Undergrad: 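Take a look at the following structure, please.
Below, chain A is the first sequence line, B the second, and so on; all start at residue 1. Model, not experiment: these values are computed from the prediction.
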Number of protein chains: 2
Amino acid sequence: MARPPKKPAARPKAERYHHGDLPRAMLSEALRTIQRRGIDSLTLRSVGEKLGVSRTALYRHFANKEALLGAVAAEGFRRLRQELFEAWDQGGRGRAGFEAMGAAYIHFAVRHPSHYRVMFGGALAKGDATLPPQDKSADAFGVLVDALVELQGAGLAVSQDAHLLALFVWSVVHGVAMLALDGVLHRPEDTETLSRFAIERLWSGIGVGMPAEAVK
Amino acid sequence: MARPPKKPAARPKAERYHHGDLPRAMLSEALRTIQRRGIDSLTLRSVGEKLGVSRTALYRHFANKEALLGAVAAEGFRRLRQELFEAWDQGGRGRAGFEAMGAAYIHFAVRHPSHYRVMFGGALAKGDATLPPQDKSADAFGVLVDALVELQGAGLAVSQDAHLLALFVWSVVHGVAMLALDGVLHRPEDTETLSRFAIERLWSGIGVGMPAEAVK
DNA sequence: ACCTGAACACCGTTCAAGT
DNA sequence: ACCTGAACACCGTTCAAGT
């Protein structure tokens, strides 16, 4: 009423995001919410509010909520891919690297339970039509296939279809991760114990070499 | 207006369920919807409508929608438990029985994808407070533990903590099942191939006997 | 080219009221 | 003891309108 508004003033938050990369801001805000309050707390309204933007602004950049979740999933596969490769590479790319990669996979899921759940059962499950242009899960999977091929080349892994081997390895770590997230493993040590056991058994089913030393 | 209603008449559907077991009718209606139209189509309104009952009648028998889903999950574990036991028992309770049990697990998940998803990630994940009185997943798990103990007694399985072994086996079949449901395995044959491979590798990591015949 | 505000259809849930 | 009907708070989404 009283004060003469020379500049538009106010709109402090809106100003911040109008010029920036709104799609990216929405993605990272969605990620934040999912990680900290769970998937049920993610509403388009809350995302808009947090970003100082209308609740329908999202539709200028994403087809709908499902598309936003698809972007969240793709980002998850991108990060998983990187963590897997680092574990494999820094682990020395041998047996130790392989086992580090398995542990890193499970660790990622346990550290980001809600994000991990969005990565699966979401866009992936609804048929290829709604998949993002490049399926980011293929990237993460590719790291695993590459590792197995390299192990085979070094005579460290069984020489069988690498794609099938990789699917098997993925099944095992995915299964352990899901059981952990589903609350079947009640104490954190249980996850650790199963994780170690599974990866060790996995190697003795995949790796070639010592004839399964007697289990004492 | 015109016709004099001697008997209450009408209310043809309501009459049918007032005396019956409404909770059970609601559970099976929910199950039907989930199996045929997916979890997103399950609304309390539709359940009530199908049963000729108010959409809030459900609250007389279940705490809320989540509780209904918990009942759906429990029923799923009950059926899974039975199918696992039958596979194990009819398979001869040896190596063949064990492998039949693994195949039956994956088969159950593939045949009832939405139901299987409700079984996990739902009530199980939300902490012990909301779990049903007796955790029905323990029953299905118990069948697996019993089988492993029996295999150990017959000298067919590695002598190690049966609980840990069972968790490992569960991880593998759960992982294969989830990858199949998540659309990672595109063709049905892929599921079959991975399923067979995983169960065979599983046995050679769990069973005792022939020293891992050379993979040709 | 990007964003808003009102409106719409549809949820789960509560609660006073009925029988 | 069991069920109803209206009401409430909260969704995702559409669309004409603004800049």
Undergrad: Among residues at least two apart in sequence or on other chains, which ones pass ring-ring contact (aromatic ring centres under 6.0 Å, His included) with B/F197?
TA: A/F168

Undergrad: Looking at residues at least two apart in the chain, or sitting in another chain, which of them share a ring-ring contact (aromatic ring centres under 6.0 Å, His included) with A/H112?
TA: A/F108

Undergrad: Under the side-chain contact (heavy atoms from CB on, under 4.5 Å) rule, collect the residues that match up with A/V110, sequence neighbours excluded.
TA: A/I106, A/A180, A/T191

Undergrad: Going by the rule side-chain contact (heavy atoms from CB on, under 4.5 Å), which residues pair with A/E29 if we only count those two or more places apart in sequence or in a different chain?
TA: A/R32, A/T33, A/V47, A/K50, A/L51

Undergrad: Dot-bracket, 5' to 3', for DNA chain D please: Watson-Crick or G-U pairs under 3.5 Å, [ ] where pairs cross earlier ones, | where the partner sits on another strand, dots elsewhere.
TA: ||.|||||...|||||.||

Undergrad: Rounded to whole Å, how long is the line connecting atom CG of B/D40 with atom P of C/dC10?
TA: 15 Å

Undergrad: For B/R60, which residues count as a salt bridge (Lys or Arg N to Asp or Glu O under 4.0 Å) partner, sequence neighbours excluded?
TA: none

Undergrad: With sequence neighbours left out, what residues match A/E86 under salt bridge (Lys or Arg N to Asp or Glu O under 4.0 Å)?
TA: none

Undergrad: Considering residues, nucleotides and ligands other than A/H107, do more than 12 of their heavy atoms fall under 6.0 Å from its NE2?
TA: no

Undergrad: May I ask you to evaluate whether A/H61 reaches the phosphate of C/dA1, defined as a side-chain N or O under 4.0 Å from OP1 or OP2?
TA: no

Undergrad: What protein N or O atoms touch nucleotides 12-19 of chain C N or O atoms at under 3.5 angstrom, if any, and at what distances?
TA:
from: C/dG12; atom 1: OP1; to: B/K65; atom 2: NZ; distance (Å): 2.8
from: C/dG12; atom 1: OP2; to: B/L44; atom 2: N; distance (Å): 3.2
from: C/dG12; atom 1: N7; to: B/R45; atom 2: NH1; distance (Å): 2.6
from: C/dG12; atom 1: O6; to: B/R45; atom 2: NH2; distance (Å): 3.3
from: C/dT13; atom 1: OP2; to: B/Y59; atom 2: OH; distance (Å): 2.8
from: C/dT13; atom 1: OP2; to: B/K65; atom 2: N; distance (Å): 3.0
from: C/dT13; atom 1: O5'; to: B/Y59; atom 2: OH; distance (Å): 3.0

Undergrad: Mind checking side-chain contact (heavy atoms from CB on, under 4.5 Å) for B/S46 and listing every partner two or more places apart, or none if nothing turns up?
TA: B/T43

